[in-house]
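Residue indices begin at 1 and follow the sequence shown. Every number for a ligand or one of its atoms is a count from 1 in the order of the listing. Just so we're clear, the structure is a prediction, and the values are computed from it rather than from any experiment.
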Amino acid sequence: MIPPIRRCAVIGNPISHSQSPEIHLSFAKQFDLPLSYDKVLVDPNDLKLFVRGFFDQGGTGLNVTLPFKQQVIKCAHELSQEATICQSVNTLSVNEEGHIRGDTTDGRGLLLDLKRLNFDLENKSILVVGAGGAAISIIYRLLKAKANLFLTNRTHEKLPTILRQFKPITDDTNNGTLAMYDKNDDRQYDGVISSISEFNYELMSPIINQLAKSAFVYDLNYGERAQDLEVFCEQQGQKRYSSGYGMLLAQAASSFEIWHGKLPTIE
Ligand code: NAP
């Protein structure tokens, strides 16, 4: 018997740029899984109505992109610990009792990609550049992987709040640590993860000087938006760098696993 088609979608506003349908349909082919995956432009005022209606009508899963990753929290009946601490949801699923569950897979996606690239985290000193939604959604998993993180941003106001937000994780000595980056500190870093939406020479120059040549540089951006940092790394002799395209695929793979119980390969 042919299994019924599972219905998934990504919601956002705007949404036309999303590559999620192509990615999920190609994952489904790996398992011969019958899947439909749409992209849906949702009006912010209709978000809850849309989400509840989608699952009431038998939908399997929703991905959530900008600007709804926080707003969608109130549409879920329950959240994973990671989504609660990060205050971000990019994946909605439904359990057997019909409860809608919110989760975030950005951090898992990043970890899978760093593993693929052999960029080590455990007990390493890692600089996280940026304090936007993306930075917050990766810190939980980096800490769970026992990385010692140093956080910097163009504007400093958000940083103390982020340190407080992750205290439940950093209070556990089995996890990594989180501190503010100090440019006067002569520490050598083992890696940099940049999550800023635009390359900034002023911000990146001093940081690159504090990296060992064997250190890695990972940019969450991909495509044209990752090019400036790639050129900069080449100029500075940093050979181990990567764009965030693998993370894009791997966070989608983690959502796929939540909905369908199978982790696709991103190769
Ligand atoms: P966001 O919430 O708007 O935050 C933007 C961040 O970039 C802030 O830290 C901001 O600093 C900084 N920034 C913006 N312009 C800057 C400039 N000219 N110089 C220095 N810093 C600047 O955005 P987000 O959701 O965190 O996303 C950040 C990037 O990550 C986006 O480009 C997004 O496409 C990418 N991303 C990739 C993936 C993936 O799967 N690969 C996943 C999520 C996000 P201030 O606080 O000082 O304004």
Side-chain angles (χ1 to χ4, degrees), residues 10-24 27 63-73 82-83 86-91 103-117 119 127-142 149-163 165-166 178 180-181 183 192-208 216-230 232 241-257 264 266:
V10 58
I11 56 173
N13 193 332
I15 198 63
S16 57
H17 65 284
S18 174
Q19 299 180 28
S20 294
E22 291 81 359
I23 294 171
H24 279 270
F27 289 160
N63 277 136
V64 182
T65 189
L66 298 178
F68 297 136
K69 286 185 176 185
Q70 275 146 19
Q71 202 182 327
V72 83
I73 288 173
E82 185 171 1
C86 299
Q87 282 296 289
S88 178
V89 162
N90 75 346
T91 305
D103 209 336
T104 174
T105 64
D106 283 338
R108 259 170 276 181
L110 173 65
L111 250 62
L112 282 170
D113 203 34
L114 294 177
K115 192 168 171 203
R116 178 183 72 86
L117 294 160
F119 291 174
L127 257 167
V128 175
V129 185
I136 293 169
S137 71
I138 59 174
I139 288 174
Y140 177 98
R141 285 281 161 170
L142 294 169
L149 303 180
F150 297 84
L151 193 56
T152 188
N153 193 41
R154 174 177 57 176
T155 49
H156 286 234
E157 289 75 15
K158 297 173 191 163
L159 300 180
T161 312
I162 298 177
L163 259 58
Q165 182 172 355
F166 287 95
L178 180 60
M180 283 202 224
Y181 165 70
K183 65 173 188 278
V192 175
I193 300 173
S194 172
S195 70
I196 55 177
S197 32
E198 255 178 64
F199 177 73
N200 183 320
Y201 185 84
E202 226 173 293
L203 194 61
M204 292 310 291
S205 297
I207 288 170
I208 292 278
F216 71 81
V217 179
Y218 192 93
D219 188 350
L220 260 59
N221 292 295
Y222 47 86
E224 280 181 9
R225 294 178 78 166
Q227 279 172 7
D228 287 339
L229 187 55
E230 286 171 5
F232 187 62
Y241 60 81
S242 174
S243 82
Y245 192 64
M247 173 181 163
L248 174 77
L249 298 179
Q251 59 81 26
S254 294
S255 296
F256 189 97
E257 186 182 29
I266 62 163

| query | Any Lys/Arg nitrogen of Asp113 or Arg108 sitting under 4.0 Å from an Asp/Glu carboxylate oxygen of the other? | reply | no
| task | Please state which part of Tyr245 comes within less than 4.0 Å of ligand 1, counting heavy atoms only: side chain, backbone, both or neither. | result |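 Contact part for Tyr245 vs ligand 1: neither.
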| query | At a non-hydrogen distance cut-off of under 4.0 Å, which region of Ile196 contacts ligand 1 (side chain, backbone, both, or neither)? | reply | both
I need the nearest protein heavy-atom contact for [atom]: residue, atom name and distance, please.
atom                    : answer
atom 39 (C) of ligand 1 : Leu220 O, 3.8 Å
atom 7 (O) of ligand 1  : Ser197 N, 3.1 Å
atom 27 (O) of ligand 1 : Ala134 CB, 3.7 Å
atom 47 (O) of ligand 1 : Thr155 OG1, 2.7 Å

At a 4.0 Å threshold, what atoms of ligand 1 neighbour a non-hydrogen atom of [X]?
X      : answer
Ala131 : 9 (O)
Tyr222 : 41 (N)
Gly130 : 9 (O)
Ser195 : 28 (C), 29 (C)
Leu248 : 40 (O), 41 (N)

| message | Can a donor-acceptor pair be found, under 3.5 Å and without considering hydrogens, that links the side chain of Thr155 to the backbone of Glu157? | response |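 Looks like no, no N/O pair under 3.5 Å.
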| query | Between the main-chain N or O of Leu203 and the side-chain N or O of Asn200, is there a donor-acceptor pair closer than 3.5 Å? | reply |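 Checking the backbone N and O of Leu203 against the side chain of Asn200, a donor-acceptor pair under 3.5 Å is found.
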Looking only at distance, does [X] have an N or O less than 3.5 Å from an N or O of ligand 1?
X      : answer
Gly244 : yes
Phe199 : no
Gln251 : no

| Centroid-centroid distance, Tyr222 to Tyr245, less than 6.0 Å |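 Aromatic pair counts; centres sit under 6.0 Å.
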| message | Would you say the ring centers of Phe199 and Phe232 fall short of 6.0 Å from each other? | response |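 Distance test on ring centres: under 6.0 Å, yes.
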| request: Report the member of Asp219, Leu159, Asn221 with the shortest heavy-atom distance to atom 34 (O) of ligand 1. | output: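 Ranked by closest heavy atom to atom 34 (O) of ligand 1, first place is Asn221.
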| query | Among Lys69, His156, Arg154, which residue places a heavy atom closest to atom 15 (N) of ligand 1? | reply |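 Going through Lys69, His156, Arg154 one by one, Arg154 has the nearest heavy atom to atom 15 (N) of ligand 1.
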| query | For the atom pair CG (Asn90) and CG (Leu66), what is the distance rounded to the nearest 0.5 Å? | reply | 10.5 Å
